[in-house]
Structure formats: C-alpha cells, structure tokens
Amino acid sequence: MHLVQSGAEVKKPGESLKISCKGSGYKFTSYWIGWVRQMPGKGLEWIGIIYPGNSETRYSPSFQGQVTISADKFINTAYLHWSSLKASDSAMYYCAGQGAVGGTVDQWGQGTLVTVSS
Amino acid sequence: DIVMTQSPLSLPVTPGEPASISCRSSQSLLHTNGYSYLDWYVQKPGQSPQLLIYLGSRRASGVPDRFSGSGSGTDFTLKISRVLAEDVGVYYCMQALQTPGTFGPGTTVDIK
C-alpha cells in the first residue's frame, strides 16, 4: 500500500480547495481511507474516512459539515474538499489508509500543508 | 465517542534506559473476538506518523523488538526497553475499535 498526496497549497479565506491522495499497490476499493489533521505544534485528529467500494463516509463530530470527503475509485484517489476556507484550516493534512485489522492505519501519505492567509 | 488519554505528556529519557507510556480509553476496546483494538504510532520530527503496535501488543512489520505493547480493555502501556536517540518523537495511542479512530494527545519523548 502506497499513498501519495497532492502538493502544498496557499489560499485566501473564503476560497475553495480540494486536496488529493492517490493509492497504489493494493485494491483501493477494499479498504477504508481517511484524513487526519495536524494543526501547527498540535496532535493528530481524525477528520473522517471513506470506503471507496461503496462510498460510505463517516465524519468525526467536530468536522461534520465543515469538509467533504470523496473518492474516485476509477483513479484510486481520495479527496478532502473545503467550500470556504478559514484561517483556522491552516494545518498539515495526512491521508491514512486502513488495512485488514479494524481501524489500524497501515499506511500514511506524506502530508499536504494547507496555508490559509489573507 | 471514545476519548483517549495518555501519561505522561512529556518524557525526557536517558539513552539506554527504559521508558514507559500509559494510555487509557473511556470505553473498553475489547472486541468480541478477544482482541483489544488499540494502536501505537510514533511521529518523528518532520515525518508522517508510522505504526508501531496494533491490537494492543502486536509489533508492526519492521518495528524493533525493544518496543512492546501490553494491556487490555481500557488500560494500555507502551514500553521501550532501551531508548535510542532515534526514538525521539511524539507517541500517540489510538483506538481502532470504531472507524474513524480517536487519538490520544500524544507523549513527547526526547533525550535528557
């Protein structure tokens, strides 16, 4: 399992953004893939997760309604989308791929740094 | 939601000495299959997190045997038998019983 994320982004408040995570080396539709936020100097927080096989999506309560997670199973890619960014969305975002054991994350992407500043 | 706590939050260690981190969950992580769904991850400076331990006590592929996990239900421990300089980083426990999981606040391990 290998996950490669899109590059760093610099945006203004109110702008939209979609970052991506491409999976390879495994059957993309058979495993959950999600997103984890790390604000500067802080810990890890699950945003949500999607099962590409049927597009079932689950969000952590703090992030419900704030972002949208999607996946395109035809190009083995998961997405995290904001419709209107805020300065507080500035953070490192990791995609996280679960394997065969419960919610254990077997593989992490390299991270995408999002900076939102006017 | 399951809430995870860790102690200590900061752990200065002497190379060659052992180290221990505790993790507690607000609900039992014991599945009906008999396994506790508790993971340990380490995030070394400037890197993505990486899996150390899953199902409470199973080392992930390539993890040195100086790392061990124990515990069941709601109380878990990560032990490093002899800390090396390369072990510096932030260690997180995470409940993997529910999807998505929940991380603990992290324990920063650094060298004295």
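All values below were derived from every heavy atom in this structure, side-chain atoms included, with hydrogens, water molecules and symmetry-related copies excluded.
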When [options] are compared by non-hydrogen pairs under 4.5 Å with chain A, the top option:
options: Q43(B), Q47(B), H31(B); answer: Q43(B)
options: G101(B), P105(B), G104(B), G106(B); answer: G101(B)
options: Y54(B), Y35(B), Y92(B), Y37(B); answer: Y92(B)

Any luck finding a side-chain donor-acceptor pair between [X] and [Y] under 3.5 Å?
X: D72(A); Y: T77(A); value: no
X: Y94(A); Y: R37(A); value: no
X: S48(B); Y: Q110(A); value: no
X: Q107(A); Y: Q98(A); value: no

Residue pair W82(A) / V116(A), side-chain heavy-atom distance below 4.5 Å
no
Check each atom of T102(B) against the heavy atoms of chain A and say whether the ones under 4.5 Å are side chain, backbone, both or neither.
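Interface part for T102(B): backbone (N, CA, C, O).
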Bottom line for Q95(B): the part with an atom under 4.5 Å from chain A's heavy atoms is neither
Look at L44(A), V36(A), D106(A), I49(A) and state which one has the largest set of heavy-atom pairs under 4.5 Å with chain B.
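Counting heavy-atom pairs under 4.5 Å, the top option is L44(A).
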